[in-house]
Amino acid sequence: MVLFINVTIAGIVFWLKAPVYNLFHFINSVFYVGSFYFFIGLVLLVIRGKFFDGITYSFRRFIHKSSKNPDYLDDWEDKPLPSEKIHAEFMKFFLFQGAMLMAIMVFLLLAYYTF
């Protein structure tokens with residue numbers, strides 16, 4: 001259902017932004033919507049892969065150690081790291097939508113260049 005909504009969004013982008021209504025410009029609009037989903041999914045994948053956890057932990061520790069008026073009630077060690085805030089289903093949703101829209105785009109490109 002969400003994939004159908006995304007193809008509809010691509011159709012609206014095509015209708016609003018295309019200088020000429022042909023298959024080439026529809027493929028471009030599907031690419032725009034699909035690349036948005038795929039990019040967000042890849043960013044979530046990097047965050048979930050604990051890439052920024054060390055940096056975040058280091059900044060929290062540095063701020064705690066170097067502050068002149070430390071908050072003794074602040075448990076900076078117990079705060080969730082960025083990888084713990086991203087749910088796997090949320091990340092998979094964006095990757096799936098992006099991959100399906102890119103597959104639709106490739107299918108349309110094959111149809112465009114063979115006919």
Side-chain angles (χ1 to χ4, degrees):
M1 184 66 181
V2 177
L3 186 61
F4 177 73
I5 292 170
N6 288 328
V7 172
T8 305
I9 291 171
I12 291 170
V13 169
F14 167 70
W15 183 64
L16 292 175
K17 297 290 182 181
V20 178
Y21 298 128
N22 58 13
L23 184 60
F24 178 73
H25 292 291
F26 183 70
I27 292 169
N28 287 340
S29 65
V30 171
F31 173 75
Y32 297 147
V33 174
S35 63
F36 170 75
Y37 274 98
F38 206 63
F39 178 74
I40 297 296
L42 289 177
V43 167
L44 292 174
L45 182 67
V46 169
I47 292 171
R48 181 133 170 99
K50 300 183 179 187
F51 183 76
F52 297 108
D53 286 355
I55 297 168
T56 304
Y57 185 81
S58 298
F59 271 110
R60 287 178 185 169
R61 184 172 180 228
F62 176 76
I63 290 170
H64 179 74
K65 296 285 184 183
S66 66
S67 65
K68 293 184 180 185
N69 297 323
D71 185 10
Y72 294 108
L73 297 176
D74 185 25
D75 292 333
W76 61 274
E77 292 177 341
D78 294 335
K79 288 184 180 177
L81 294 169
S83 65
E84 296 169 354
K85 293 180 181 180
I86 305 296
H87 297 288
E89 295 83 22
F90 189 65
M91 177 191 64
K92 288 178 184 178
F93 167 77
F94 278 98
L95 288 174
F96 176 76
Q97 293 296 320
M100 286 294 110
L101 287 169
M102 292 297 172
I104 291 170
M105 182 196 66
V106 168
F107 175 74
L108 290 173
L109 277 171
L110 290 172
Y112 180 74
Y113 283 113
T114 56
F115 297 120

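We're numbering straight along the sequence, starting at 1.
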Asks: If I take atom CE from residue M102 and atom CG from residue L109, how far apart are they, to the nearest 0.5 angstrom?
Replies: 10.5 Å

Asks: If you draw a 6.0 Å radius around OH in Y21, do more than 12 non-hydrogen atoms from other residues or ligands fall strictly inside?
Replies: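 Enclosed: over 12 neighbouring heavy atoms sit under 6.0 Å from OH of Y21.
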
Asks: Could you label the plane-to-plane angle of the Y37 and F93 rings as parallel, tilted or perpendicular, counting under 30° as parallel and over 60° as perpendicular?
Replies: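 Rings of Y37 and F93: perpendicular, over 60°.
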
Asks: Evaluate whether atom CH2 of W76 has more than 12 neighbouring non-hydrogen atoms of other residues, nucleotides or ligands under 6.0 angstrom away.
Replies: yes

Asks: Let me check something: do I12 and L3 share a hydrophobic cluster, defined by ILVMFWY side-chain heavy atoms less than 4.5 Å apart, either directly or through other members?
Replies: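 Yes, because I12 and L3 connect within a single hydrophobic cluster, where side-chain heavy atoms sit under 4.5 Å apart.
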
Asks: Can you confirm whether F94 sits close enough to F39 that some side-chain heavy atom of one is under 4.5 Å from a side-chain heavy atom of the other?
Replies: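 No, side chains not in contact.
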
Asks: Flag yes if more than 12 heavy atoms outside F96 fall under 6.0 Å of its CZ atom; otherwise flag no.
Replies: no

Asks: Which atom pair, heavy atoms only, marks the closest approach of I27 to M105?
Replies: CG2-CG, 3.7 Å

Asks: Linking I/L/V/M/F/W/Y whenever any side-chain heavy atoms sit under 4.5 Å apart, do V106 and F31 land together?
Replies: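 Yes.
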
Asks: Quick check on the hydrophobic clustering: are V33 and W15 connected, directly or via other members, by side-chain heavy-atom contacts under 4.5 Å?
Replies: yes

Asks: When rounded to the nearest 0.5 angstrom, what is the spacing between CG in D75 and NE2 in H64?
Replies: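 If I round to the nearest 0.5 Å, the distance is 9.0 Å.
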
Asks: Would you kindly confirm whether L42 and F51 end up in one hydrophobic cluster when ILVMFWY residues are joined by side chain heavy atoms under 4.5 Å apart?
Replies: yes

Asks: Given the rule in the ring-ring contact (aromatic ring centres under 6.0 Å, His included) test, do Y32 and F36 qualify, once you have shown the distances and angles that lead to the verdict?
Replies: CA-CA 6 Å; Y32 297 147; F36 170 75; over 10 Å; no

Asks: I need the L23 CG to N28 CG distance, nearest 0.5 Å.
Replies: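 CG of N28 is found 10.0 Å from CG of L23.
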
Asks: Mind listing the closest non-hydrogen atom pair of P82 and T56 along with its distance?
Replies: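 Closest approach of P82 to T56, heavy atoms only: CG-OG1, 3.5 Å.
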
Asks: When rounded to the nearest 0.5 angstrom, what distance separates CD in E84 from CZ in R48?
Replies: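 If we round to the nearest 0.5 Å, E84:CD and R48:CZ are 10.0 Å apart.
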
Asks: In terms of hydrophobic clusters joined by side-chain contacts under 4.5 Å, are F4 and V2 together?
Replies: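 Result: no, two separate clusters.
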
Asks: Where does the angle between the aromatic ring planes of F14 and F26 fall among parallel (under 30°), tilted (30 to 60°) and perpendicular (over 60°)?
Replies: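 It falls in the perpendicular class, over 60°.
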
Asks: Can you measure from CZ (F38) to CD (Q97) and round to the nearest 0.5 angstrom?
Replies: 12.5 Å

Asks: Verify, without hydrogens or angle tests, whether D53 (side chain) and S83 (backbone) share a donor-acceptor contact under 3.5 angstrom.
Replies: yes

Asks: Looking at every non-hydrogen atom in both residues, tell me the closest pair between A10 and S29 and how far apart they are.
Replies: O-OG, 3.1 Å

Asks: Side chains of L108 and Y112: closer than 4.5 Å at any heavy-atom pair?
Replies: no

Asks: Output, in order, the C-alpha distance, side-chain angles, deciding distance and verdict of side chain to side chain contact (heavy atoms under 4.5 Å, CB included) for V30 and V13.
Replies: CA-CA 9 Å; V30 171; V13 169; over 6 Å; no

Asks: Taking the side chain from N22 and the backbone from H25, do they hold a donor-acceptor pair closer than 3.5 Å?
Replies: yes

Asks: Measuring from atom CG of L95 to atom CE of M100, what distance do you get when rounded to the nearest 0.5 angstrom?
Replies: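 If I round to the nearest 0.5 Å, the distance is 11.5 Å.
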
Asks: Quick one, F52 and V46 - any side-chain contact, counting heavy atoms below 4.5 Å?
Replies: yes

